[in-house]
Amino acid sequence: MGLTQLEEFKTTLINNNHFKRFFPQKDIEGMSEYHAAIQTAKDVFSQIVTNQHHPYTGLSQASIEQGLELAFPDVVPERGLSIGKVMEKIGETVTAHSIQVTNSRCLAHLHCPPLTSALAAEVLISASNQSMDSWDQSTSATVVEEKIVKWLRDLFYEDKTANGVFTSGGTQSNLMGLLLARDHFLDKKFHWDTQQNGLPKEAGRMRIFCSADAHFTVRQSAFLLGLGEQAVIPVETDQHHRMSIDKLKEKLHQAEKENLIPFAIIATAGTTDFGSIDPLNDIARVAEQNNVWLHVDAAYGGALMLSEQHSHKLEGIKQADSITIDFHKLFYQPISCGAFLLKNEEHFNYLKLHADYLNPEEDENDGIPNLVTKSIQTTRRFDALKLFASLQVLGKNTFAQMVDYTIDLAQHTAALLEEDPNFEILHQPEINAIVYRYFPKEHRGDPAWLNDTNSFIRTKLFESGAAVIAKTRVNESIYLKFTLLNPLTTIEDIKEIINQMKQLVEERGRNNDR
């Protein structure tokens with residue numbers, strides 16, 4: 001090494017010491033910076049939650065953009081700012097104008113308030129930054145995830161041949177279910193290796209059957225898997241918005257007459273709008289009779305397995321070949337956190353690929369667990385830790401009580417709306433979602449007025465920050481929706497929101513009469 005190169009290297013070492021304060025490590029300066037940064041972030045969030053009494057500030061997109069531009073004119077400044085200043089500005093311009101999901105009047109979507117225990121675990125997850133693809137990147141994290149998966153296996157399947165893996169949520173889990181269903185079917189029916197050969201000519205005739213109210217990711221998965229949306233055959237629902245068994249049988253029979261090839265049925269345990277649970281036992285019998293894969297999308301309703309009062313609604317789920325479950329819904333975990341469960345763990349082999357630098361075959365022979373062999377993700381967060389922490393802190397009884405409370409609240413809310421002549425509800429809640437609309441007697445024959453008024457109610461509540469509720473469409477009519485995931489919401493909250501709705505319409509009417 002020449003003199004010039006030596007001097008340059010010394011300069012690099014000096015700069016390297018300067019870098020230490022940006023990372024949490026054993027150096028005192030680095031850990032001091034870390035503690036200060038975490039404390040500032042905690043203070044900023046605590047202040048917002050404590051002082052903001054509504055689920056949203058009501059700011060428009062343009063106002064948020066303007067505030068962000070003033071606070072941060074450059075996305076990448078030439079010289080960095082102090083972490084304290086950056087956190088404070090983010091708090092003022094971003095977090096303060098975010099949807100406050102812990103607020104008892106945030107009732108729009110399957111968007112839960114996160115448990116404090118899970119948030120504490122998130123600090124460890126992000127700081128330790130484990131990657132769940134290989135043993136040498138995750139060690140103890142792998143052991144924890146496998147422990148949680150075994151608990152889920154026993155909860156849903158009671159079958160030691162079952163297995164699973166954590167996912168980013170329902171979208172990924174549904175995709176995995178259909179991917180494995182497709183490849184298993186092609187293997188057994190045509191002795192075809194999709195991993196090596198791609199799709200055969202018969203793929204154009206393959207069909208998936210699901211409820212007309214199933215999640216849109218069934219259609220999305222079909223086109224991502226090369227089958228096209230046309231591969232999905234929607235099945236009509238009954239008056240409770242559950243898949244009709246008679247219609248399912250009709251659709252399967254019609255497919256056979258048209259020389260189409262059924263390979264999967266998707267049952268839904270908790271539809272997004274209505275929370276409806278398809279008749280799982282009956283669907284399982286049909287799937288078995290037709291020798292097709294049964295996948296149950298229990299992203300929403302899976303938590304009912306914790307409840308002695310409501311677990312019977314999922315009777316038959318253990319017959320599914322695969323199951324989707326989300327923990328960032330009724331398990332109250334921060335986004336993202338989900339799992340994919342498989343009745344026969346051998347079917348994970350359809351996903352398996354080996355890379356010498358990541359999960360070499362000899363690792364498998366030596367019993368080294370590289371979880372990438374069960375996942376369509378490579379780099380993956382240690383999300384199992386936050387669920388593990390929450391289960392330990394709350395215990396099964398408290399989780400069950402929270403689930404039961406929200407279902408009871410939904411039933412009481414439905415009764416309130418039914419008793420009020422100004423409203424119409426479309427269904428009795430099976431979990432904790434209620435679809436309804438403002439429906440006064442004098443305007444029931446005016447669908448345009450009804451649609452406009454219900455859209456107006458939802459928009460005004462959101463813009464004022466008074467409540468965040470959802471809007472949906474059923475048979476060309478606009479409806480509103482309460483998704484009562486939050487166990488902090490009370491019946492008094494619901495009564496006040498209902499009164500605000502009526503006041504908004506009355507005030508609008510008076511203004512129009514002037």
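Keep in mind that the numbers below use all heavy atoms, side chains included, and drop hydrogens, waters and symmetry copies.
Partner Ser477 forms a side-chain contact (heavy atoms from CB on, under 4.5 Å) with one of Leu450, Asn451, Leu426 and no other, that one being Asn451. For the side chain to side chain donor-acceptor pair (under 3.5 Å) with Arg105, the qualifying choice from Glu496, His54, Gln100 is Glu496, the only one to do so. Applying the salt bridge (charged side-chain N to carboxylate O under 4.0 Å, His left out) test between Lys374 and each of Glu346, Glu145, Glu146 identifies Glu146 as the sole match.
Taking a 6.0 Å sphere around CD of Glu236, one finds it holds more than 12 heavy atoms contributed by other residues, nucleotides or ligands. Around NZ of Lys352, the count of heavy atoms belonging to other residues, nucleotides or ligands within 6.0 Å exceeds 12. Counting non-hydrogen atoms of neighbouring residues, nucleotides and ligands closer than 6.0 angstrom, the CD atom of Glu308 reaches no more than 12 such neighbours. For CG of Asn291, the number of neighbouring non-hydrogen atoms (other residues, nucleotides, ligands) closer than 6.0 Å is 12 at most.
The salt bridge (charged side-chain N to carboxylate O under 4.0 Å, His left out) test applied to Lys150 returns no partner, not counting sequence neighbours. With sequence neighbours excluded, no residue forms a ring pair (Phe, Tyr, Trp, His ring centres under 6.0 Å) with Tyr479. With sequence neighbours excluded, the residues that form a side-chain contact (heavy atoms from CB on, under 4.5 Å) with Leu488 are Asn486. Qualifying ring pair (Phe, Tyr, Trp, His ring centres under 6.0 Å) partners for Phe482, counting only residues two or more places apart in sequence or in other chains: Tyr436. Taking the salt bridge (charged side-chain N to carboxylate O under 4.0 Å, His left out) definition, one finds that Lys502 meets it with Asp420, sequence neighbours left out. By the salt bridge (charged side-chain N to carboxylate O under 4.0 Å, His left out) test, Glu288 is found to be paired with no residue, residues two or more places apart in sequence or in another chain being considered. With sequence neighbours left out, the side-chain contact (heavy atoms from CB on, under 4.5 Å) criterion links Cys210 to Ala214, Val218, Val232, Ile266. Applying the salt bridge (charged side-chain N to carboxylate O under 4.0 Å, His left out) test to Asp213 and every residue at least two apart in sequence or in another chain returns nothing. Residues passing the ring pair (Phe, Tyr, Trp, His ring centres under 6.0 Å) test with Trp449 are His443, sequence neighbours excluded. In terms of the side-chain contact (heavy atoms from CB on, under 4.5 Å) criterion, residue partners of Phe223 (sequence neighbours excluded) are, by chain and number, Gln220, Glu229. Listed by chain and residue number, Phe166, Phe331 satisfy the ring pair (Phe, Tyr, Trp, His ring centres under 6.0 Å) test with Phe327 (two or more places apart in sequence, or in another chain). With sequence neighbours left out, Thr490 forms a side-chain contact (heavy atoms from CB on, under 4.5 Å) with Tyr405, Glu492, Asp493.
Checking side-chain atoms of Asp278 against main-chain N and O of Ala267 turns up no donor-acceptor pair under 3.5 Å. At distances below 3.5 Å, at least one donor-acceptor pair connects side-chain atoms of Lys386 with backbone N or O atoms of Pro334. Proximity of a side-chain donor or acceptor of Thr483 to a complementary backbone N or O of Ala108 within less than 3.5 Å is detected.
Minimum interatomic distance between Tyr300 and Leu330 (heavy atoms only, all atoms of both residues): O-CD1, 3.8 Å. Taking all atoms of both residues into account, the shortest heavy-atom contact from Gly302 to Leu314 is O-CD1, 4.0 Å. When all heavy atoms of Val435 and His427 are compared, the closest pair comes out as N-NE2, 2.9 Å.
With rounding to the nearest 0.5 Å, the separation of CG in Leu155 from CG in Leu306 is 6.0 Å. To the nearest 0.5 Å, the span separating CG on Leu107 from OG1 on Thr489 amounts to 5.0 Å. Taking SG of Cys337 as the start and NZ of Lys329 as the end, the distance is 11.0 Å to the nearest 0.5 Å. To the nearest 0.5 Å, atoms CD (Gln377) and CD (Gln172) are separated by 4.0 Å. The structure places CG of Leu199 at 5.0 Å from CZ of Arg182, a figure rounded to the nearest 0.5 Å. Rounding to the nearest 0.5 Å places CG of Asp273 at 10.0 Å from NE2 of His215.
The closest side-chain donor-acceptor pair between Gln333 and Asp326, if any, does not fall under 3.5 angstrom. In this model, no donor atom of one side chain and acceptor atom of the other lie less than 3.5 Å apart for Gln52 and Thr57. At a cut-off of 3.5 Å, with distance as the only test, a side-chain donor of Thr161 or Asp159 sits close to an acceptor on the other residue. Side-chain N/O atoms of Ser173 and Thr167 include a donor and acceptor closer than 3.5 Å. Looking only at atom types and distance, the side chain of Asn174 has no donor-acceptor partner in the side chain of Ser221 under 3.5 Å away.
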Let's go through Arg242 and Asp282 carefully: what are the C-alpha distance in whole Å and the side-chain angles of both, what is the deciding distance for salt bridge (Lys or Arg N to Asp or Glu O under 4.0 Å) to 0.1 Å, and is it a yes or a no? CA-CA 12 Å; Arg242 303 166 185 154; Asp282 293 339; over 6 Å; no
Take Asn281 and Gln319 through the side-chain hydrogen bond (donor to acceptor under 3.5 Å, both in side chains) test and state the conclusion after the steps. CA-CA 8 Å; Asn281 263 326; Gln319 298 174 70; 2.7 Å; yes
Kindly determine whether Arg444 and Glu424 satisfy salt bridge (Lys or Arg N to Asp or Glu O under 4.0 Å), including the steps that lead there. CA-CA 10 Å; Arg444 291 178 185 178; Glu424 173 196 39; over 6 Å; no
Going through the distances and angles, do Glu507 and Gln503 end up as a side-chain hydrogen bond (donor to acceptor under 3.5 Å, both in side chains)? CA-CA 6 Å; Glu507 185 178 330; Gln503 290 168 10; over 6 Å; no
Let me see the working for Lys249 and Asp246 under salt bridge (Lys or Arg N to Asp or Glu O under 4.0 Å), right down to the final yes or no. CA-CA 5 Å; Lys249 291 177 180 178; Asp246 289 339; 5.2 Å; no
Mind running side chain to side chain contact (heavy atoms under 4.5 Å, CB included) on His184 and Asp321 for me, showing each step along the way? CA-CA 11 Å; His184 175 260; Asp321 293 287; over 6 Å; no
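Here the side chains of Arg285 and Ile245 are not in contact, with every heavy-atom distance at 4.5 Å or above. In this structure, Glu250 and His253 have side chains that are not in contact, with every pair of non-hydrogen atoms separated by 4.5 Å or more. A 4.5 Å side-chain heavy-atom check between His347 and Trp293 finds at least one atom pair inside the cut-off. Inter-residue side-chain proximity for Asp154 and Lys160 is flagged as met; some heavy-atom pair is nearer than 4.5 Å. By the 4.5 Å heavy-atom criterion applied to side chains, Leu225 and Leu175 are counted as neighbours.
Note on ring orientation: taking the six-membered ring where Trp is involved, the planes of Phe340 and His295 are parallel (angle under 30°, cut-offs 30° and 60°). Relative ring orientation between Phe263 and Phe185 is described as tilted, the plane-to-plane angle lying within the 30° to 60° band.
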